[in-house]
A.B. asks: 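Got a structure for you, written out below as structure tokens; questions coming shortly.
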Amino acid sequence: MGNRLLKALAATTALMALATAADAKTVVRMMHQGDPGWVALYGKVAERFEAANPDVDIELIYAPHDAYNEKFSSAVMSRQLPDIMELDAPFLANYVWSGYLKPIKSYIDQDLLDDMTASNVAQGTYPIDKELYAIGLTDSSVVLYGNKKYLEQIGARIPTSVDDAWTRAEFEDYLGKLAKVDGVKWPIDTFRGYGIKTEWVTYAYQPILNSFGCDLIDRTTWKAEGTLDSQPCVDALGMMQTWVKNGWVVPMSSGTNQFYADGEPAALAWGGHWFYAEAAAKLKDDVVVMPLPKFGDKSASPDGTWIWAITSQSEHPDVAGKFLSFLLKDKDYRDYAVSQSAYPGLKSFAAQSPLYAEGGPMAVAFEQASKAAVPRPPHPAYPTITSAFMQAVDQIFNGEDAQKTLTAAARKIDEDIADNDGYPPFDGN
Amino acid sequence: MSALTTVPKPKRRRRSIIARVGWPRFLQEIGMLAPAVLLMTAFLITPFLLSFWTAMTNQPLVPRPTPVRFVGLNNFLRILNDDLFWTSLWNVTRFTLWILPVQCGLAFLTALILNQKIPFRNVFRGMFFLPAITSMVVVCVIWGTLFQYPTGPLNHIVVALSGGTIQPIDWLGDPNWAMFSLVLLSAWQAYGFQMIIYLAGMQGIPDELYDAARIDGAGRWGRFWHVTMPGLRPTHVFVLVITTIQAFKLYTQVAILTQGGPKSSTETVVHYMVRAGFEEQKLGYASAVSVILFLIVLVIALVQRRLMRRFDV
């Protein structure tokens, strides 16, 4: 008996020694979101990196997309910040202001930094110190997809460049005509199916405000009252309310595939660049990619996507940076991104993406980015700004008065900014 | 006889516990209480008291470069001035008023049926109890599919049963229907629990009462109204009260299926609190909401005690 106990003890000690040996490895924790395809891919890239760097252990932490910020906050509270984190570009200002991130330039391979497109640099830069805090393989955009079959039936003009985008009058006229076409159940899908509490709402609808000549918040005084509740914004959301009321928009509970589902019930789709891959797989050449309509004097389109940053608490920022550089150059990562019709944010990756090249089917998205992209407000109050706006959009789409709702939303944003003393130095101090 | 009534009650003499049980026993009892008391203090009482304090500050969820300040009753004033808070309070009230009859009624009916001597009684009891032990998250995902508009199974049934006179309903996307849809799925998920309580209550009614009623010539209805119902009075009160308190804490279904929409028609107090605390990162504000919710639930609990005492539970 005693003998057996001794053996067990010896085995335990040996195991503990092994565990300590494993601890001697440099552990780099990476927090990310994404569909199962991406999750699997990160796992493979991490394995390859570990094979090449046996002293490093990459630990992947998955957090779901729609609850990412909540998960991240919990990590901050429990002082378990990862070394590397994926973040949605508009939240960058909040994270940097709160002190979670490190400037990234010194940790990333120089050739990658030189490879970044202007929009990629913009989304990773903190406006106060003009430092780069994050880098991505991709950027993003939203375009208007059309079903060629239906568009030909109503004789719609098909714009090929941002400069001849549909005007509001044309667009609404087509929506009305499409509603009467056989087979069309809804003239347009604006992807309400993503839910009401998702960044999509602010990301995809802010350009409509911008095109009307207003914004979520004034970007010099950082006040929402007087901007978000101004007449152009009220008109913009009032217009969308009318579309919904007319039954032109795919309702929330009908999913996000009505553009290409059996019978093709939705004629147009106000969709992200990633939607091209799934739509084209089903509809093939019937998919027409058009720039977003011009509602007022100017065109506007969104930008910003999920990008990579190194946290300020990281004990091994150099290893983290090495892994990020490895990831961004990884062939499988890029190939998978291409298969998801990813929007290039590195010049070398753009060269690998014929989709966005001159004459490619998504070329118009690339053109949009250079001529019309308006980032979401790079301000630390962004979590409140987007939350208030999402809530307002849900109210208005369901028939609430646009002026009243936007006034309440603007007040809520300004209250938050006041509560935080204007988020210095964003208040000019 | 009169002697019996005049016997004075023995006077209670106040003696300290230690004097009564002795030191060793006293220490032993304290020792046994200690772990529970310590844990309760650390994880229940302290956070609870802290939340009162947090409610009066502008404490953010995660540390920020700006200082945390005492703001007095500012958070409370803001909440009480926020239309959305009142909407959410009205919504949970609405939810409660709907779910009470639906869920308790369903539980009561199934309990009545399963209290009869029918074949495979225990199998049925188990089956009816199944939803109650299924995770609400799973239930929500399944019902989300059932509710799909316009081609979900539930809509097929509605259209088929009405012979096409009723158009498909946007269960979760129509502000007029969304809360009712949540009532349906919540009642289905949870009624098993109330059913078990009713069953226990029914089995607690002595058979002699039924026998006596039968001898007195009471029929089925007579026995139901004059024996079963009065015998279940305390059960009724208990079931109503726990269902009410549960209903006031409605959150999971909303978070998964509707996120408070459409048009805030399913916004609830708890969801409002989570949104303020986690999404907008205003912990102080969210704490103030939790204090208000606590006061509401406290009032309900006090009314409950009053009722229970009246019904001699």
Side-chain angles (χ1 to χ4, degrees), chain A residues 66-67 69-79 81 94-95 97-100 185 192-193 195-198 250-255 261-262 265 380-381 383-388 390-391 393-400 404-405 408 411-413 415-416 418-425, chain B residues 57-67 69 71 74-75 78 81-84 87 144-145 147-152 155 168-178 181 254-267 271-272 274-285:
Chain A
D66 284 348
N69 283 304
E70 285 92 321
K71 287 273 183 292
F72 177 66
S73 304
S74 326
V76 173
M77 278 189 295
S78 54
R79 297 184 187 286
L81 270 186
N94 181 281
Y95 295 160
W97 180 80
S98 305
Y100 303 148
K185 203 160 169 152
R192 296 181 62 196
I196 59 171
K197 213 176 100 179
T198 163
V250 176
M252 194 177 74
S253 355
S254 299
D262 282 348
T384 304
I385 297 176
T386 187
S387 173
M390 287 173 203
Q391 235 167 307
V393 167
D394 169 51
Q395 302 271 350
I396 295 168
F397 276 15
N398 285 293
E400 194 62 74
K404 184 184 139 207
T405 313
R411 202 182 56 212
K412 192 169 182 185
I413 295 169
E415 267 176 8
D416 176 72
D419 284 349
N420 289 279
D421 306 333
Y423 290 94
Chain B
T57 66
N58 67 345
Q59 173 84 47
L61 176 67
V62 287
R64 288 188 161 180
T66 44
R69 269 194 317 261
V71 295
N74 227 337
N75 286 328
R78 226 179 244 180
N81 273 319
D82 187 359
D83 288 346
L84 189 61
T87 310
T145 322
F147 278 138
Q148 222 167 53
Y149 172 78
T151 49
N155 271 321
I169 297 164
D170 192 350
W171 297 97
L172 295 171
D174 182 335
N176 298 319
W177 280 98
S181 307
V254 174
I256 295 175
L257 288 172
T258 62
Q259 292 108 40
K263 202 183 174 182
S264 305
S265 62
T266 59
E267 187 72 62
H271 189 257
Y272 176 87
V274 173
R275 192 199 284 262
F278 279 87
E279 243 170 82
E280 292 158 14
Q281 311 191 345
K282 295 186 286 195
L283 200 62
Y285 188 89

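Chain letters run A, B, ... following the sequence lines, proteins first, then strands; residues in each count from 1. Scope of the values below: all heavy atoms of this structure, side chains included, with no hydrogens, waters or symmetry mates.
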A.B. asks: Could you grab the distance from atom CG of B/D83 to atom NZ of A/K404, nearest 0.5 Å is fine?
C.D. replies: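 Answer for the CG-NZ pair, B/D83 versus A/K404, is 6.0 Å.
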A.B. asks: Look up atom CD1 in A/I196 and atom NZ in B/K263, then write down how far apart they are to the nearest 0.5 Å.
C.D. replies: 13.5 Å
A.B. asks: Does the side chain of B/P150 come within less than 4.5 Å of A/K185's, by heavy atoms?
C.D. replies: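 The answer is yes, as the side chains (C-beta and beyond) meet within the 4.5 Å cut-off.
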A.B. asks: Check the pair B/R64 / A/N94 against side chain to side chain contact (heavy atoms under 4.5 Å, CB included), numbers first and verdict last.
C.D. replies: CA-CA 10 Å; B/R64 288 188 161 180; A/N94 181 281; 3.7 Å; yes
A.B. asks: With a 4.5 angstrom heavy-atom cut-off, which part of B/T258 approaches chain A: side chain, backbone, both or neither?
C.D. replies: backbone
A.B. asks: How close do B/L61 and A/S73 get, heavy atom to heavy atom, and via which atoms?
C.D. replies: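 Answer, listing the atom of B/L61 first, then A/S73: CD2-CB, 3.4 Å.
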A.B. asks: Check each atom of B/E279 against the heavy atoms of chain A and say whether the ones under 4.5 Å are side chain, backbone, both or neither.
C.D. replies: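 For B/E279, heavy atoms of backbone and side chain both lie under 4.5 Å from chain A.
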A.B. asks: So for A/F397, is it side chain, backbone, both, or neither that comes closer than 4.5 Å to the heavy atoms of chain B?
C.D. replies: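 Looking at A/F397, nothing touches chain B.
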A.B. asks: Do other residues, nucleotides or ligands put more than 12 heavy atoms under 6.0 Å from B/F278 CZ?
C.D. replies: no
A.B. asks: Taking all non-hydrogen atoms of both residues into account, name the closest pair between A/S98 and B/P65 and its distance.
C.D. replies: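 In this case the closest contact between A/S98 and B/P65 is CA-CD, 4.1 Å.
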A.B. asks: Taking every heavy-atom pair that is under 4.5 Å apart, which of A/N69, A/N420, A/I385 has the most such pairs with chain B?
C.D. replies: A/N420
A.B. asks: With chain A as the partner, which of B/V274, B/V62, B/N58 has the greatest number of non-hydrogen pairs under 4.5 Å?
C.D. replies: B/V62
A.B. asks: When rounded to the nearest 0.5 angstrom, what distance separates CD in A/Q391 from CD in B/E280?
C.D. replies: 6.5 Å
A.B. asks: Heavy-atom distance under 4.5 Å between the side chains of A/D421 and B/R69, does that happen here?
C.D. replies: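 A/D421 reaches B/R69 side chain to side chain.
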A.B. asks: Evaluate the side-chain proximity of B/Q259 to A/D394: yes if any heavy-atom separation is below 4.5 Å, no if none is.
C.D. replies: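 No. Closest side-chain heavy atoms not under 4.5 Å.
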A.B. asks: Taking it one step at a time, do B/R78 and A/D419 satisfy side chain to side chain contact (heavy atoms under 4.5 Å, CB included)?
C.D. replies: CA-CA 12 Å; B/R78 226 179 244 180; A/D419 284 349; 2.7 Å; yes
A.B. asks: Output the option from A/E70, A/M252, A/Q395 having the highest count of non-hydrogen pairs under 4.5 Å with chain B.
C.D. replies: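 Of the options given, most contacts go to A/Q395.
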A.B. asks: Need one label for A/D416: side chain, backbone, both or neither, based on atoms under 4.5 Å from any heavy atom in chain B.
C.D. replies: side chain
A.B. asks: Given that the side chain runs from C-beta out, which part of B/P63 has a heavy atom under 4.5 Å from chain A: side chain, backbone, both or neither?
C.D. replies: both
A.B. asks: Within the distance-only criterion (no hydrogens, no angle test), does the side chain of A/S254 pair as donor or acceptor with the backbone N or O of B/Y149 below 3.5 angstrom?
C.D. replies: yes
A.B. asks: Working to the nearest 0.5 angstrom, can you tell me the gap between A/S253 OG and B/L172 CG?
C.D. replies: 6.0 Å
